[in-house]
Amino acid sequence: MTSPVIDIRALTKRFGSLTAVESLDLAVQPGEIYGLLGPNGAGKTTTIRCLLGFLNPSGGSVSLFGGDPRDPDVRRRVGYVGGDVTLDRHLKVRDLLKWYGDLRGGVPWARAEALCERLTLDPTRKIGELSTGNRRKVAVIQALMHDPDVLVLDEATGGLDPLLQRTVLRMVQDRCADGTAVLWSSHLLPEVENIADRVGILRLGELIREDSMANLRAEARQRLELRFADDLPPGFLDGVAGTSEVQVDGRIAHVVVDGSVAALVKHIADREVERIVSHDDDLEDIFFQYYGEERENQ
Amino acid sequence: MSAVIVLRQMLKERTKSTIWWSAAFIVLTVAIGASYPTVREQASALDAFMESMDEGFLEMFGAADGSIASPVGFWNSNFYANLFPILLLVLGIGMAAWSIAGAEREGTLEPLLANPVRRSRVALGRYVGHAIVLAVVTAISTAVLIAFRGPWDYTEISVTEFVAAGVASLLLALLFTTITYAIGAATGRKGAAIAGGAGIAVATFVIFALAAFVEFFANLRWFSPWYWFLEPSPLADGWTWRSIGLPLLIIIPVMIIGTVWFTRRDLR
């Protein structure tokens, strides 16, 4: 196994009497997208700010490529989009990107310009005149323009419309395909569920669940609506493996499946199914379950 | 190299405001200088008036040689003892407070530091940037003063003495702006930085001003950079240890302490 690009070990960060992050272990491999999930105040941003060297850990360690995150040689390989994007408002987009490009050893302007075109951003405009979404685009472009080997994204697509969100996701996936490790922090599961390989759920500064998306999906309950051409005979769906709830009303059946739907699909294969509707919000139930526990604890 | 990129960017961003500030300093210098020939014509009446005043007032206005109509007395009392350093401080304290603490508060420092640049390079680039802007406006004002020595009849003050007074003014301003910078760098608090730099400037000016009248403050005047700057005046004595050396003894360590502290603390 290759050594992790992002390696966080027993990270603890305290602000006075408040413990923001407690004994956090987290590792992200090259080419992996890791979704760091949790409600606001769970410790995601604190973790990221420690990882980038903006905060000094109270305990434990953080490393990027096995080195100190503050080392410029390490930083040169990092792309970062902060959660609360504030870029120099009085600068034009082009001037900021050229300035940051110079700091990164000279990023060709054509590269930044191509990203501006892809995200439909006018580089001649002043950042202060841009909408929140367009400022977010500037943040994304400056993080990607030097083809980083690790991307640290904190609520990176907040404020973007769905079309642009999809574009950014694709850009991140493209980087990932080239071996870039991605740590994507979000308080919304849908933002990362389609691209993350693994997710970790933070609650009150502690990592309470870490698993692959595949495992989480297998665990998730799915609500399916099945529309058949003809009325179903009584008891047709009773006892099918994986189904936990079945309601039949004429030719429409509402079924709750735990994990795989393979047995159910096999069972109904001989009947004419006109339509299958999946209410795919049950993956979120897992997260709401953890969030809910937090609120109860609070 | 990265410090140079940060410095270059700061100067680029400050070009317009530096031009405006320079124009304001030129107007101020010309306006005051143009009145000197008239003041000189009234020298005997002004000197008689000043003789009736307490010697402390003369010291406070930088006219300790007893005449506000003499070139040294005029330029000290109307320019170097008040307006010029105060305007330099207004310009410099604003820049120094912004360089770290202000940028941190507005949120632009964190994205900058996500680049491959050490904190110390960002801090030093911006510190040097603010010093260069102050040096530019000081140099322009000094050049105007030197250019009009003949036309406005104050050739008794040599070019060297004007240069020495300009450098001393710059160092006086830098002393307080460095304190502002260092507090901002060490704490990340812009308000504290401005309050610290401006507060110490005002407090030490009060000590200097009251030293001529109150014995208690007279004993403290050695703590006032304004005293180092004006007694004796570089306009009369040229390069003095007090006006050049003493500020540097404060500026260099304070700048280093602020920068080192910044490299070690959490960002806010």
Side-chain angles (χ1 to χ4, degrees), chain A residues 13-15 20 45-46 48-58 64 68-92 95-107 127-128 135 138-139 142-143 145-146 148 150-152 154, chain B residues 1-20 94-95 97-126 129 133 185-190 259-268:
Chain A
K13 181 61 186 175
R14 297 187 192 89
F15 299 101
T45 298
T46 300
I48 284 176
R49 296 186 82 217
C50 287
L51 177 64
L52 290 167
F54 301 145
L55 300 176
N56 299 311
S58 307
L64 289 168
D68 182 350
R70 289 193 186 185
D71 181 347
D73 289 334
V74 170
R75 278 277 172 76
R76 197 160 284 120
R77 303 171 69 184
V78 178
Y80 168 61
V81 179
D84 190 12
V85 179
T86 310
L87 300 166
D88 301 69
R89 298 176 63 85
H90 56 282
L91 287 183
K92 288 180 179 170
D95 293 338
L96 180 112
L97 294 177
K98 283 185 173 175
W99 176 28
Y100 279 15
D102 288 345
L103 285 169
R104 289 171 186 159
V107 175
I127 291 168
R135 283 204 293 272
V138 183
Q142 62 82 31
M145 65 181 181
H146 56 303
V150 60
L151 266 172
V152 181
D154 193 1
Chain B
M1 184 59 190
S2 51
V4 175
I5 295 171
V6 172
L7 167 64
R8 195 175 62 202
Q9 181 63 29
M10 180 179 176
L11 294 179
K12 194 173 157 188
E13 291 173 26
R14 299 270 167 182
T15 302
K16 273 187 192 168
S17 67
T18 304
I19 290 170
W20 282 109
M95 282 190 293
W98 168 81
S99 60
I100 301 295
E104 195 169 351
R105 184 176 168 177
E106 71 190 15
T108 55
L109 188 64
E110 187 172 295
L112 172 60
L113 290 174
N115 288 292
V117 53
R118 291 189 188 281
R119 289 191 192 185
S120 57
R121 303 290 194 277
V122 170
L124 290 176
R126 289 190 164 175
V133 172
T187 65
R189 295 176 191 275
K190 186 181 173 190
T259 304
V260 170
W261 207 314
F262 171 57
T263 62
R264 295 182 178 181
R265 71 170 168 87
D266 286 347
L267 291 188
R268 290 169 65 80

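Just so it is clear, the structure is predicted and the values come from calculations on it, not from any experiment. Below, chains carry the letters A, B, ... as their sequence lines are ordered, and counting in each starts from 1.
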Legend entry - Side chain / backbone / both / neither for A:Leu103 at chain B, heavy atoms under 4.5 Å: both
Inset, instruction - Let me know if B:Leu112 has heavy atoms under 4.5 Å from chain A in its side chain, its backbone, both or neither. - result: both
Inset, instruction - Using non-hydrogen atoms and a 4.5 Å limit, figure out which bit of A:Leu91 sits close to chain B: side chain, backbone, both or neither. - result: side chain
Legend entry - Winner by heavy-atom pair count (cut-off under 4.5 Å) against chain B, out of A:Asp88, A:Leu96, A:Leu52: A:Asp88
Inset, instruction - Select one option (side chain, backbone, both, neither) describing which atoms of B:Arg119 are under 4.5 Å from chain A's heavy atoms. - result: side chain
Legend entry - Residue part contacting chain B, namely of A:Arg77, when any heavy atom lies under 4.5 Å: neither
Inset, instruction - Side chain from CB out, backbone as N, CA, C, O: work out which of these in A:Lys13 comes under 4.5 Å of a heavy atom of chain B, or both, or neither. - result: side chain
Legend entry - Among B:Glu106, B:Arg265, B:Glu13, residue most engaged with chain A (heavy-atom pairs, under 4.5 Å): B:Glu13
Legend entry - Within-4.5 Å side-chain heavy-atom neighbours: B:Arg118 and B:Thr263: no
Legend entry - Min side-chain heavy-atom separation A:Leu97-A:Val107 under 4.5 Å: no
Legend entry - Under 4.5 Å from a heavy atom of chain B, the part of A:His146 involved: neither
Inset, instruction - For residues B:Ala103 and B:Arg126, report the shortest heavy-atom separation together with the two atoms involved. - result: CB-NH1, 3.4 Å
Legend entry - A:Asp95 bridged to A:Lys98 by N-O distance under 4.0 Å: no
Inset, instruction - Answer yes or no: does atom CZ of A:Arg104 have more than 12 heavy-atom neighbours from other residues, nucleotides or ligands under 6.0 Å? - result: yes
Inset, instruction - Mark yes when over 12 heavy atoms from residues, nucleotides or ligands other than B:Arg105 sit less than 6.0 Å from its CZ; otherwise mark no. - result: no
Legend entry - Flag side-chain contact, heavy atom, 4.5 Å: A:Leu87 against A:Arg135: no
Legend entry - Segment of B:Arg264 engaging chain A (4.5 angstrom heavy-atom cut-off): backbone
Legend entry - A:Tyr100 versus chain B, the contacting section by heavy-atom distance below 4.5 Å: both
Inset, instruction - Kindly determine whether A:Val74 and A:Asp68 satisfy side chain to side chain contact (heavy atoms under 4.5 Å, CB included), including the steps that lead there. - result: CA-CA 7 Å; A:Val74 170; A:Asp68 182 350; 5.9 Å; no
